[in-house]
Every structure is written in structure tokens, then in C-alpha cells.
Amino acid sequence: MAPHFVFPRTLQDLEHEHEDDDTLCVLNSVNIASFASSQLEEFVKGVSFDLSDKEILCVEEQDLFDRLYSVVRHFAVLSPSSKLSIIETLRSNFSVLLPNVDSLSRAPSSDHVPIASHRNAFNIYTFFLVHIVLAQHSAKVVAPSAKKKHAVSSWNWEAQRARILNLIANSLEINLELLFGSPDLDESYLSFITKNAFSMFEDVTLLKDSDLKDALCRIIGACSTKYHYTAQSSASIVHLIHKYDFVVIHMADAVAGAEKKYADGSLAMSLVREIGRTNPKDYVKDTVGAENVGRFLIELADRIPKLISTNIGILVPHFGGESYKIRNALVAVLGKLIAKAFKDVDATEASSKSIRLRTKQAMLEILLERCRDVSAYTRSRVLQVWAELCEEHSISIGLWNEVAEIAAGRLEDKGAIVRKSALNLLIMMLQHNPFGPQLRITSFEATLDQYKKKLKELEPSEEVEPSSDTDNFNGDGEVDDLNCETVIKGQQQESLTDSCLSQLDDAFPLQNSSVPDVGNLEQTRALVASLEAGLRFSKCIGATMPTLVQLMASSSATDVENTILLLMRCKQFQIDDSEECLRKMLPLIFSQDKAINEAVENAFHTIYIRKNPIETANNLLSLATDSNIGDLAALEFIVGALVSKSEISSSTISALWDFFCFNVGGTTAEQSRGALSVLCMVAKTSTSVLGSHLQDIIDIGFGRWSKVDPLLARTACLAIQRLSEEDKKKLLASSSVQIFGTLESLITGFWLPTNIWFAAADKAIAAIYSIHPTPETIAADLIKKSLSVFNDGVNVQSNIDTSSGNMPLTVQVTKLSRCLFIISHIAMNQLVYIESCARKIQKQKLSKEKKDNENQNLDNNGTVPTGTQKGNDINAELGLAASEDAALDALFEKAEKEIVSSGSNEKNLIGVCATFLSKLCRNFGLMQKYPELQASAMLALCRLMVIDADFCEANLQLLFTVVESAHSEIVRSNCTIALGDLAVRFPNLLEPWTENMYARLKDPCVSVRKNAVLVLSHLILNDMMKVKGYINEMAVRLEDGDERISNLAKLFFVELSKKGNNPIYNLLPDILSKLSQQNLSRDSFCNIMQFLIASIKKDKQMEALVEKLCHRFTGVTDVRQWEYISYCLSQLSFTEKGMKRLIELFKSYEHVLSEDSVMEHFRNILNKGKKFAKLELKACIEEFEDKLNKFHSDKKEQEVTARNAQIHQQKISSREGFTLTTNCEDRSESNSASDETESEVIDEEATLPLNGKPESKPVSDALSGTSSELGQGDDEIQSPLVKTTTIGLLRSSTNKSNIKGGKSGNISVTQRTLRSRR
């Protein structure tokens, strides 16, 4: 019998003899590495022949064992053919051995079977095959070029490796109990197999081979589960998971495969216990390991949910750990378990079902609780899990609204990822809601009322059996509470989702009293409960609309994109107010973020562009009629983009013309105006759209329908402006008299309401300047006609001043307001017209020069005639081209000058009106009496000031006077906006008035402050105004009471921080200095500075601010400013260099450390520094912290000592005064013995207060004058004189003491004694 084979630690250990003689070892090792190739092949062939020729148990023979060992040890030096030969031999022998081993259990006991030899052969074949795999793998790692060297050979190691490992896996799956003598195999064998299998898991390239990976998983599963090698395997698996992220999925496959094959979850339970026993603090340090462990748990829950659900309690304590990654994973595990672990519950086992349902309910409660986790990552993951459960239809109706309310609340979360997850959850809940395709509140309420009436009718006729169980579970396992009159049982909930909800959609549109019969009383109750839940869900989603509007203004692009998607889904389900919120999406098309632009455009196309052109046209015109100015501008931009992409078809444009021309039945004047407005938007991109209906525009736009909808005339004027050049010529040729007559009557007539007339006249004047060949002629006629209402300017003013009736005044003011508007607007359009003419001339000149140059190059073929060449040279030297440009510029400048005031002494038409207008605006009494007239007059004045510099300079002081003192908010707002235009037009004139412009930020009116913020933001961000020293006023607006102004100010500083090298960095110290001197609350100051400091991102700027702020401590003595500066320091993002600089500048702020509030800010700085500091810097910070604390305590002690010394000094002074006064009294008494009773002027009350206790300070103050008098006197003091002087001094000193000390009655003088002495 051969010796027993024992698995050695390494292959070379077989050469060492063991103390036990009964152990098989290598006695004669052959160094085949030194053999020649032919000799080596012969040796390998001999070994292979012997193994094949003899019986399979021959491998335990000593000679063959030694030779086989030599081959395996030097396997790397073998040729590919030799390797293949030895592998095939070993594999075939082992394959033959396995059935023999399996048959041992079925062999009769009387048969003599060499079990020990079979065990030896089994172990030897396994050992050598595994070592061949390891040797070949190590050779591949050491010499990666070996693959190229033997590429021509038929040697395919990958296939052989997979066959070997699969064979070993098959060997573990047969019955080895009799072979090893017990159900538990030899530990050395299991240790050898698992150790090498786990080592192969460490190589990611091996795991890419699916056959090899499956074999390794089978090996691990068999050893761990079938042969109870669980504890050691669990430790190895956990170690691998912590170390390598790529093994997570494969280990989960191995564990799940073992549980499925052997119906034994011991390995999975052991792993869960192993993970559960880990200290939660360990996961905080090992973040990679925590993430891998979390992924592994999720994979296990996905593969074996029922088994994990029974052991989930072991992992629940980790919810209290600090590692958010573990909490994220556990949340995902709960989601997998809820979705999968409770589907196939055996209904026959009532107790088991109840337990599992209660477990599910506990998991749901944990998920609800985790929505308030401290980590934003965990909160986001919880919401993602709820979305997955919603998609899997694993949320019951009873829990639906609770989840929806949590998601709605998370929309205001500080974390952007949480808001994104909340938005996605609400989208998913709408998509998979169990209440129907329409969620209008009115529909739910109407249907609910009808079924409640139906329920009341059924209740008296049927009796309800009381429920015996207080805990009623629905089909999903949650306790339902739908505010029903009776708790619905689980089976009734299931019947609700199956039967009643299918009828719910048909019930929504019902508005009459007849409702379909849904069944008995219980089913009706279930339907009523479901309707109540649906109504609650609809109200919950509807209540989020204001929040969604705010999210569309978020700085995060993901917030905006997901909000738009949610609003689109809300509109699809007809949530109340969703369409109005979607319209607020339109201005986002101007966002600089391309993703937001695309999201808005895609949403617009999805919602409003339909296959039916009539529907599309109706949607577009409805948008145009209901939108404000900002939305119209955005709509125009979107329509232009869609037209350029041909996404608005010609059939849609035809449908718009049909709406405009009233060819569609039921069209209103408002719809006609909306259609024409959309066509004007289309015409901005496609100019030929309007040319086909010129006469319709005139007839309908200015005809009888304009009386119905006055804004139609304004839209028609806009359409005339948008005509192409060819269409304009066509219009002038066919209908010039009609069109200009119509426009003139619109401007000078009174058939439009006053509130509409100004907008219509604006567009009408612009239309005249757009199409008329000489617009200044018709404009002069318009001014004359508007002035013809009055005799002259003086009479107009006198009429206004002297009229006493109400009606005449109203008429005159209205006419004058219109007249001023026409004059100023014509002047403004004349300026625009002159500039357009200048651009045309310049363009023509450039094109002509370019054409001449091209012709010369073509005609002369590069050679220019001598005369022409000389002429061009002379013109260039004389600068004739430059003189022509100068002449043109002078001409244009003169034309602009003549609009308001000509070069001569004679003034033109608008100039005469400008003089009158200036005098009118200076009549403050008249303006205050008629605020509407003041609004029109100041607006006209501002327009004329924009045109002419001289007129602007002459009236600039008047403008600032009005903008500061006008009672009307409208006037101040208009003037504030005009200041922005003037600053762009004449920056040098407005530069001295910069402080006055910033002063508008402090206006009491919200609209004025808002316009001031907008104007200054525009000027500063476009580099038309330098950021002066008044920027602190803009910073104060960050804490404005109006939210919109505050948001505008924040937007300004955000955009300012993006310019250049971030100007806020340079402005911050000045802002700090000025804000600390203003009367701001502490919270407002902190919020402002926190926002401004957060906009500084560069580390260098932060480090420089540390130095600047520290130096500011030296020149400041106010404690409040110390606190503010230290607060700003605490808000900086410190780097290692910045922290070192703070420590170096200790001398500059050591004197302020006595204040507790300042010290608290410095402690916050040091605590932040410890978080990012390395060991060396952390030690410096801790040492510096001790230094600060010691210095702070020393300063406090010094202050206490100084205070005590001052109090002690006061006490000593008071005692000295008291002693001196007593001596004086004794000496006075000795000199006047005859008048003993009358000589006492000061009795005991003079030295003691009323309460009988001595007080040092009042007495000292009172007697200081007496002491000085006594010190200067002679030795002999005359009693009457001294007493009189003392009395006077005492009275004076007593009064002073009473004023300073706030006390009275400390000294009293006996008036009777004084009279007797006199």
C-alpha cells in the first residue's frame, strides 16, 4: 500500500521528507530544465505513456510520482506540445477516476475496494492539475510576450484552463463522503482548493472567461455549502470584496448559485452575519470597502431576496453608522426585498404570511424614515428606491400619498441630487399612478360626491359585519388608512385595483347624478376610498406648482431640465395650474446653458406642436394672446428656431392665416390677433410669409375688428414693419394712400382707448418710418396735427393752470399727454432712421470699394496702369478716403443735432416743443397736481435728452431732482430706466452723477429699486459703468425685503464674479468696511458677506483675503467691526498656505482675542482647518489653538484685574475723603465750643446714605472740593466762614454726585441750623 498523500503548503515542500513515514513525498527529483529539447520531450512522453498505459491509480507509485512531480515543477520550460500532452493525460485519467469514486458509495460492502488508493490518486491528480494552472498563469504574468512567441502553435491554454477547472468543480459535486470517510472532507484539501480558487478571483483577466468564472463559482459554492467550509470561505469572500471592486458581482453569483443548487443559504447567511458584525466605524475609514460591500449586499438581495429578507435585521443597526455608502446600500437592499421577496407568499400558511407582511411593513417604515437622513446622498438614494418601487408597482394605494408628500417636500431640499431624485420620483408616480389618466381636482370631487351619495343609499339596506382583526393588511403588506368609514381588508384592496379602478376612468367625466353601479356596499366603499386617495394625490401634485416655478430659476441645469419634464407630465395628466407654470418655462430659452435651451425647445415641440395643423395653430395663437412681453419675446425666439428647422409646416402657417381671416368657425377677434402675432414671429425668420395677405392685414387689422379688439391694430402695425423689401414696395405701389391715411388716423385720432393708444401709436410711428420713403415729411405733418388741438404752447399751459372744471382739465391733460408722446416718439424714430441711413451708406460704400478692387484685379491681371496707380497713391497720401468718412460722420452728426436743436439760432419744430417741455417739467406744482401728465412729460423729456447732448446736459439736474422727489412711483421708475439709457448714450455727462444713480437702490418703492438693480446690473456687467465705491448699496439689496429684488442682486453678483479676475475679490474689503458702518442687523450682514465670499473660488484670492482681513484689525477699535472681520475670516475656504499665513499674522489681531465672539470665529476657522490638514499642519494648528486659548484667557484675566484695580482705587479715594472730612469737623467743633448745638452743619446723614450703608463714590465726589479748601486754609479756621463755604461746596458737590450716580439723599443738610447760624 502506497504512503498517504498530504497536501503541502507549496509544490517544493513535496521534496522534504516528513517525520511521518507514511506520507508520500518526492524521493528522486529530476532537473529536466537542463535537458535538451529532444531529451525533454522523450521524458514527458514517457511520463504520459506510463500514466495512460497503466491503471489510473498508478500515479501513487513512487517512481511515476517523482517523474510527474519533475514535469509539473518545470512545466514552464516545456514545449506547447509537451504541455498539451501532459495536461490531456492528467485530465483524462482524472475524468476516469471520478466515476470510480462516485461508484464507491454504491459498491457492496463485501467488495474489497482500495479506498485509500482512490483517495491518494484523487488528491494527487487534483494537486498537480491545480498547480499546472497556477504555473501557467504565473508564467503568463511574468512573460507577457510568450503569447506572441507561441502564437503559431495549436496550443490554446485558455480552453485547457477552463476544462481543468470545470473538471475540478465536477469532482467536488460527486459524492466524496466514503472517499474521505466523513461528510466533511479533509481540511487540507478544502483549504488548498479554496485558497487557489480565491487567488484566481484576484485576476480580472481570468474572470472575463465566462466558463472559467462559472467553474470557480461552482468550486467556491461546493466547498462552502456542500462540505461546510463556510466560515473560512466567508472570511475570504469579505476580504476579496473589500479589496477588489470587480469581484463583487462574481461573488454574488457564486453565493446565489450555491444557495440555488444545494438549497442551503448558510454561506449567504454567514456573509450577512460577517458584514453585520463589522464595526460601523470601520466603514468610515474604508470608503472603497464600504462601497463594495454595499454593492455586494444589493446583488445578493437581487438574486436571493427571500433569504436576505429573513436576515435583514442583522444589517439594520448599520443605519446608525456614519458611512453614508453603507446606508445607501441598505436602502437599495430594502427596495430590492420589498419588490421581490414578498411576491410568492404561500397563502396556506397564515402565520407565515402575517410575519412576512409585517416584515415588509417594517421595511417600508424604514424607507420612509430614511427620507430624512442627514446625508444628501442617502436621501437621494431613498427617493430613487421609491421610484423603482413605483415602477415595479410595489407601492400600495395606502402608502401612495405619503410617498408623494415626502417627494414634494424634498423638492426644497438643499442638495441638488436630492431635488433631482424627488423630481424623477414624482414623474414616475404620475406615470404609474393607479387613479387614471386625468387628475383634475374638479373631476375627482364631482365623481367622489356622486359615489358618496351612492354609498349613503346603500348603507341602510346592507349591514356591515364588524372586522375581527384590528390590523388589516392590503395586498402589498402595508396597513391602509385611506380615511374610509370602514378599514378595507387586504382582499378588498386587491379587488379595488383589479376591478374598481378599471371603472374609475369612465367615472371621471360624469357630471350628472347617474353613476355606474360598481357592486355591493364594500366595493362602493373601496371605490370611495380610492377616489379620496386620488383627490389627495392630485392636490399634493398641484400644491408643488409654486415650488416648480422656483426650481425653473435654479442655477443647476439638472433642476431645470427635470422640472420641465415633470411639468410636461403634469400637463399630460391635466394637473391644475400646470399649463400656467409651463408658460413660465419660455424665458429659459435665453439661457446660456445649451442643455436648458434644448430642454425648453424639446418641451415646447412636444406640448404645442401637433400633427394636426389646426391644433398646432390654435396652441400657438393661444400662447400669443395670453403671454406677457417677456414670454412673447421668448415665444418669438422659439418659433424662429422651429421655423429655421422646418418644424412648423406650411400647413400650420395656412391654418394661422385661416384663423386671422376668420375662415375657421367660431374665431374671435382675440384669436385673430394671436394668429397675426404668431405670423409676425414667423416673418422674422421667413420674411415672405406676410406678403400673400397684405390687403387682409390692412382690412382686418385696421377695420371693424380693431374696434372689438383694439390691440389688433397694434399687431397689424407690427406686421407692416416685418414686411420684406419687395412686399413693402408692393404695398406702397398698391395701397400707399390707404395705409398712411389709416396710420395717421390711428395716431392722431381718438377711437382707441387711452391705455391701448400709446402702444398702438408706438408701432404705427415705427411702421411709417419702416415703409415710407421720406418719413420726416409725414412725421412733421403728424406733429403739426397733434399741436393743432391747441392754439399755442402758452395757451395750453394757461388753460391747464386756470381751468377750474374737472371735465375740461381731463380732456386737456389727455390731449397734451398724447401730443408729447407723439413728438418724443417721432424724435426717437428720426434718430433711429438717421442711424439706419448711415449704416446703409457705409455698407454701399464698402461694397462698391470691394467691387472696384475685384474688377481691377480681373481686368489688369495684377498689373495696374501707371496713371491709375499714381492716382491711387496720391489719394492714399492725401487721405481722401478718410476725409470722405469724416464728412459723412459730420453730416450724420449734424442731422442728429437738428432733431432737437439746429446749428443756427432758429429752432426747428421739435426744438420749439422741447423748450416748452422743459418748462412744463419744471412746473412742479402742476406736475404734482397731475401725476399722469408728469409721467408723459418726463418720459418725453428723457427721450429728447437721449437724442441731444446739449439738451441732456441742460436738463440733467432737473431729471435727478424729479427722480428723487417725485411722488409718483411710475415717474421715478421711468426716470430710473431713462438714466440707464443716458449713461449708455452720454457716459461722460452721467459720470459725475454716479452716486445719485446708486441712491435709487434705497428708494422706498419696490418697483423703483427693482428697476435700479436692473439698470445698474446692465451698465456694470456690460462695462458701460465702472464699479465705483458705492457697490455696497447693491450688496445691501441682497437682503432686500422683496424676494425678486434679492434674487436679481444675487444674479448680478454671480455674473460679476464671472468677469475677468473676479472683481468681487477687489471690492470685498471696501464692501466690508462700509457695511460694518451701516445700520444693518447682524444676520443681514452675515448673509451678505457669506454670499459674496462664496463667489470667490480661487485659492490665491482666498489666501490674499486672509492677509487683507488680518491687517484690517490693526486700524479698527470698534468691537462690532472686530466681530464682523473675524466672521468674514471664518467664511473663507482656507488652504494649507492660507492657514499658515493666518498663524504668521498673529501679531496683527492678538489685541482682539479678548472678545468671546471673535474668539469663537477663530475656533471655527481652526476646526475647519483640521479637517483638511495633513499631520504636520494639523499639529501646527493644534499648537496654535492652544496658543489662542491661552492668550484669550490671559487677556480676560488682565481685563478682570484692571477692573478690580479700578474699583479698589475708587474705594481708597472715597475712604480718604471720608477721613479728611471727619478731621475738619473735629477741628471746627473745638474752635466754637460756645455754639456747640448750632455748629453742626453736617450730621451723620452727610456721610451715610439713606439706607445706612456707606457709599464710597458719591461721598468722595461730594467732599473733594471741601478737602481742597481745607488744605489751602490757615491753621486757625473761623467757623462761620468755613461752614458757609463748606455748605456751598456740599450743595454743589451733592448735585453733581446725584447726576452722575443717579442717586439722591446721600447727603442732607439741616436747614434750621443754617438759619440759626446766620
Side-chain angles (χ1 to χ4, degrees), residues 710-711 713-714 744-765 779 781-829 900 909-946 951 955 958-959 961-978 1005 1007-1008:
L711 285 174
R714 176 186 178 276
E744 186 176 340
S745 66
L746 187 150
I747 296 170
T748 59
F750 289 88
W751 54 276
L752 285 177
T754 303
N755 58 336
I756 304 295
W757 179 87
F758 287 98
D762 181 356
K763 296 300 178 184
I765 294 172
D781 293 337
L782 287 173
I783 294 177
K784 292 175 182 177
K785 286 186 179 180
S786 64
L787 291 174
S788 65
V789 181
F790 316 101
N791 293 327
D792 52 36
V794 178
N795 290 334
V796 172
Q797 189 172 1
S798 63
N799 287 339
I800 297 175
D801 290 339
T802 58
S803 299
S804 58
N806 291 331
M807 193 62 188
L809 279 175
T810 304
V811 173
Q812 293 294 333
V813 167
T814 303
K815 289 181 179 180
L816 182 57
S817 297
R818 290 195 178 192
C819 176
L820 296 176
F821 179 83
I822 292 171
I823 295 169
S824 62
H825 203 64
I826 286 176
M828 185 64 69
N829 278 273
V900 177
L909 185 60
I910 296 179
V912 174
C913 298
T915 304
F916 162 74
L917 179 60
S918 180
K919 292 180 180 179
L920 179 65
C921 293
R922 281 180 166 81
N923 192 339
F924 297 115
L926 183 66
M927 294 294 100
Q928 186 175 354
K929 188 175 181 181
Y930 302 105
E932 293 181 1
L933 178 61
Q934 186 183 25
S936 298
M938 289 305 302
L939 185 60
L941 181 73
C942 292
R943 284 176 173 170
L944 297 183
M945 290 173 67
V946 168
F951 188 77
N955 294 278
L958 169 64
L959 177 60
T961 302
V962 172
V963 80
E964 291 178 6
S965 60
H967 296 288
S968 173
E969 300 173 1
I970 298 174
V971 173
R972 298 203 306 274
S973 293
N974 290 343
C975 293
T976 302
I977 297 171
C1005 176
S1007 63
V1008 178

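Checking Ser918 against Arg922 by side-chain atom types alone, a donor-acceptor pair falls below 3.5 Å.
Distance check, rounded to the nearest 0.5 Å: CZ of Phe924 to OG1 of Thr961 gives 5.5 Å. Rounding to the nearest 0.5 angstrom, the gap separating the CG atom in Asn974 from the CD atom in Glu969 is 11.5 Å. Expressed to the nearest 0.5 Å, how far SG of Cys819 lies from CZ of Phe916 amounts to 8.0 Å. Here CD1 of Ile756 is found 4.0 Å from CG of Leu711. Values are rounded to the nearest 0.5 Å. Between Thr748 atom OG1 and Asp781 atom CG the span is 10.5 Å, to the nearest 0.5 Å. The CG atom of Leu926 lies 10.0 Å from the SG atom of Cys921; values are rounded to the nearest 0.5 Å.
Of all heavy-atom pairs spanning Ile826 and Ile783, the tightest one is CD1-CG1, 3.7 Å. Closest non-hydrogen pair, Arg714 versus Ala760, comes out as CB-CA, 4.0 Å. Nearest heavy atoms, Pro931 versus Val971: O-CG2, 4.4 Å. In plain terms, the two heavy atoms of Ala966 and Arg972 that are nearest each other are O-NH1, 2.9 Å. Counting all heavy atoms, side chain and backbone alike, Ile822 lies closest to Ser786 at CD1-CB, 4.0 Å. The shortest heavy-atom contact between Phe821 and Phe758 is CZ-O, 3.4 Å.
Inter-residue side-chain proximity for His825 and Arg943 is flagged as met; some heavy-atom pair is nearer than 4.5 Å. At least one side-chain heavy atom of Leu820 sits under 4.5 Å from a side-chain heavy atom of Leu920. At a threshold of 4.5 Å between non-hydrogen side-chain atoms, the residues Met927 and Val962 do not count as touching. Side-chain contact check for Met828 versus Ile765: every heavy-atom pair is 4.5 Å or farther apart. Taking the side chain as every heavy atom from C-beta outward, Val963 and Val1008 never approach each other to under 4.5 Å. Side-chain contact between Leu941 and Leu959 is absent, with no heavy atoms from C-beta onward closer than 4.5 Å. Using a 4.5 Å cut-off on side-chain heavy atoms (C-beta onward), Ile823 and Leu917 make no contact. At least one side-chain heavy atom of Arg818 sits less than 4.5 Å from a side-chain heavy atom of Thr754.
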- For the pair Cys913 and Leu944, evaluate side chain to side chain contact (heavy atoms under 4.5 Å, CB included) and give the outcome as yes or no after the intermediate values. CA-CA 10 Å; Cys913 298; Leu944 297 183; over 6 Å; no
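Looking at Trp757, its side chain never comes within 3.5 Å of a backbone N or O of Trp751 through a donor-acceptor pair.
Other residues, nucleotides and ligands contribute at most 12 non-hydrogen atoms within 6.0 Å of the CD1 atom of Ile970.
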